[in-house]
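Here, residue 1 is the first one in the sequence, and each next residue gets the next number. Every heavy atom of this structure was used, including side-chain atoms; hydrogens, water molecules and symmetry mates were not.
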Amino acid sequence: QVQLVESGGGSVQAGGSLRLSCGVSGRTFSSYFMAWARQAPGKEREIVAVIRRNGGFTYYADSVKARFTISRDNVKNTVYLQMNRLKPEDTAVYYCAAKLNSGIYYVTENYDYWGQGTQVTVSS
């Protein structure tokens with residue numbers, strides 16, 4: 001059984017930074033595409049950042065491009081999301097997700113495993 005555990009959420013003022021971490025246990029971490037997704041109240045969950053198995057490819061949603069950075073450590077079985085220049089509209093529950101299949105990486109339904117989420121609140 002694969003388990004994903006996020007940490008690092010919290011409250012910050014606009015313009016500030018946070019770093020999220022997601023530890024993965026179970027099957028071989030390096031086999032997975034890893035993603036960070038978020039869900040704000042009343043909105044659908046959306047993929048905001050993706051990193052390929054070896055870290056050689058990354059994808060960012062337009063809303064976070066140039067502000068967020070996804071990275072992974074295949075030795076520590078951990079994926080990170082560095083969030084800079086945070087905005088109030090970044091307020092959401094952030095989820096870590098893992099995908100083994102070949103489905104499109106920016107579609108939430110294609111992810112096989114999800115963490116429990118961590119709250120990020122950005123005040124103006």
Side-chain angles (χ1 to χ4, degrees):
Q1 184 70 17
V2 178
Q3 292 185 324
L4 290 74
V5 180
E6 301 98 336
S7 60
S11 297
V12 65
Q13 289 192 329
S17 298
L18 283 174
R19 189 192 195 203
L20 305 182
S21 299
C22 174
V24 181
S25 62
R27 295 182 62 178
T28 306
F29 175 72
S30 59
S31 301
Y32 292 106
F33 260 74
M34 296 299 300
W36 287 95
R38 68 186 182 188
Q39 187 166 20
K43 295 189 176 181
E44 292 187 355
R45 192 175 298 187
E46 60 169 345
I47 299 292
V48 296
V50 174
I51 188 165
R52 196 165 59 186
R53 298 171 181 85
N54 62 1
F57 167 81
T58 56
Y59 159 84
Y60 298 95
D62 287 343
S63 57
V64 307
K65 203 170 291 184
R67 299 188 298 121
F68 290 11
T69 302
I70 189 171
S71 61
R72 66 190 295 163
D73 186 331
N74 286 348
V75 174
K76 295 182 178 179
N77 286 9
T78 302
V79 62
Y80 305 96
L81 186 68
Q82 177 67 43
M83 304 185 294
N84 297 329
R85 302 199 306 277
L86 282 160
K87 305 175 181 180
E89 50 264 44
D90 294 320
T91 295
V93 178
Y94 283 72
Y95 298 90
C96 175
K99 182 173 77 69
L100 257 183
N101 62 69
S102 60
I104 298 172
Y105 52 82
Y106 52 80
V107 176
T108 56
E109 290 78 7
N110 289 337
Y111 282 79
D112 301 297
Y113 303 102
W114 292 85
Q116 81 289 350
T118 185
Q119 177 70 45
V120 171
T121 302
V122 184
S123 57
S124 57

Hey, does the side chain of Ser31 reach the backbone of Phe29 with a donor-acceptor pair shorter than 3.5 angstrom?
no
Treating Ile, Leu, Val, Met, Phe, Trp and Tyr as nodes and any side-chain heavy-atom pair under 4.5 angstrom as an edge, say whether Val64 and Val107 lie in one connected cluster.
no
Closest non-hydrogen atoms of Tyr111 and Ala97, given as atom of the first, atom of the second and distance, are CD2-CB, 3.6 Å
Can you confirm whether the side chains of Asn110 and Asn101 place a donor and an acceptor under 3.5 Å from each other?
no
Same cluster (ILVMFWY, side-chain, under 4.5 Å), Leu4 and Tyr80:
no
Quick one, Asp112 and Val2 - any side-chain contact, counting heavy atoms below 4.5 Å?
no
Hey, could you give me the NZ/OG distance between Lys87 and Ser124, rounded to the nearest 0.5 Å?
13.5 Å
Any sub-3.5 Å donor-acceptor pair from Tyr106's side-chain atoms to Tyr60's backbone N or O?
no
So, do Arg53 and Ser30 sit near enough that their side-chain heavy atoms are less than 4.5 Å apart?
no
Flag, side chain of Arg85 to backbone of Ala66, donor-acceptor distance under 3.5 Å:
yes
Considering all heavy atoms, the nearest Leu20-Gly9 contact:
CD2-N, 3.6 Å
Please verify the inter-ring angle class for Tyr94 with Phe68; under 30° counts as parallel, over 60° as perpendicular, anything in between as tilted.
tilted
Same apolar cluster: Met83 and Val12, side chain cutoff 4.5 Å:
yes
Count I, L, V, M, F, W, Y as connected when their side-chain heavy atoms are under 4.5 Å apart, and connections chain through other members. Are Ile104 and Phe57 then in the same cluster?
yes
Heavy-atom check, side chain of Val79 versus side chain of Ile70, under 4.5 Å
yes
Would you check if Val93 and Thr118 make a side-chain contact, meaning some heavy-atom pair closer than 4.5 Å?
no
Inspect the surroundings of NZ in Lys65 and state if more than 12 heavy atoms from other residues, nucleotides or ligands are less than 6.0 Å away.
yes
Expected output: side-chain Glu6 to main-chain Cys96 donor-acceptor under 3.5 Å
yes
When you measure from the side chain of Asn84 to the backbone of Thr69, do you find a donor-acceptor pair of N or O atoms at a distance under 3.5 Å?
no
Is any side-chain heavy atom of Thr91 closer than 4.5 Å to a side-chain heavy atom of Gln119?
yes
Using only atom types and a distance under 3.5 Å, with no angle test, would you say the side chain of Asn77 pairs donor to acceptor with the backbone of Gly23?
no
Which atom names give the shortest non-hydrogen contact between Trp114 and Arg45, and what distance separates them?
CE3-NH1, 3.3 Å
Are any of the side-chain heavy atoms of Tyr32 and Lys99 separated by less than 4.5 Å?
no
With rounding to the nearest 0.5 angstrom, report the CD to OH distance, Gln1 to Tyr113.
6.5 Å
What heavy-atom pair brings Ala14 and Pro88 nearest, and what distance separates the two atoms?
CB-CD, 4.1 Å
Could you state the interatomic distance from OG (Ser71) to CD (Gln82), rounded to the nearest 0.5 Å?
8.5 Å
When clusters are formed by joining ILVMFWY residues with side-chain heavy atoms under 4.5 Å apart, either directly or through shared neighbours, do Tyr59 and Phe33 land in the same one?
yes
Hey, does the side chain of Asn74 reach the backbone of Asn54 with a donor-acceptor pair shorter than 3.5 angstrom?
no
Do Trp36 and Ile47 have side chains that approach each other closer than 4.5 Å (heavy atoms only, starting at C-beta)?
no
Verify side-chain contact (heavy atoms from CB on, under 4.5 Å) between Leu18 and Val120, making sure each step is shown before the conclusion.
CA-CA 9 Å; Leu18 283 174; Val120 171; 3.9 Å; yes
Return each pair, listed once, that meets salt bridge (Lys or Arg N to Asp or Glu O under 4.0 Å) where at least one residue sits in residues 66-75; pairs must be two or more places apart or across chains.
Arg67-Asp90
When rounded to the nearest 0.5 angstrom, what distance separates CD in Glu46 from CD in Glu44?
9.5 Å
Suppose we screen for side chain to side chain donor-acceptor pair (under 3.5 Å). Which residues come up paired with Glu89, at least two apart in sequence or across chains?
none
Minimum heavy-atom distance between Ala92 and Arg38, given as atom pair plus value:
CB-CB, 3.8 Å
Taking C-beta and beyond as the side chain, do Val24 and Met34 meet within less than 4.5 Å on heavy atoms?
yes
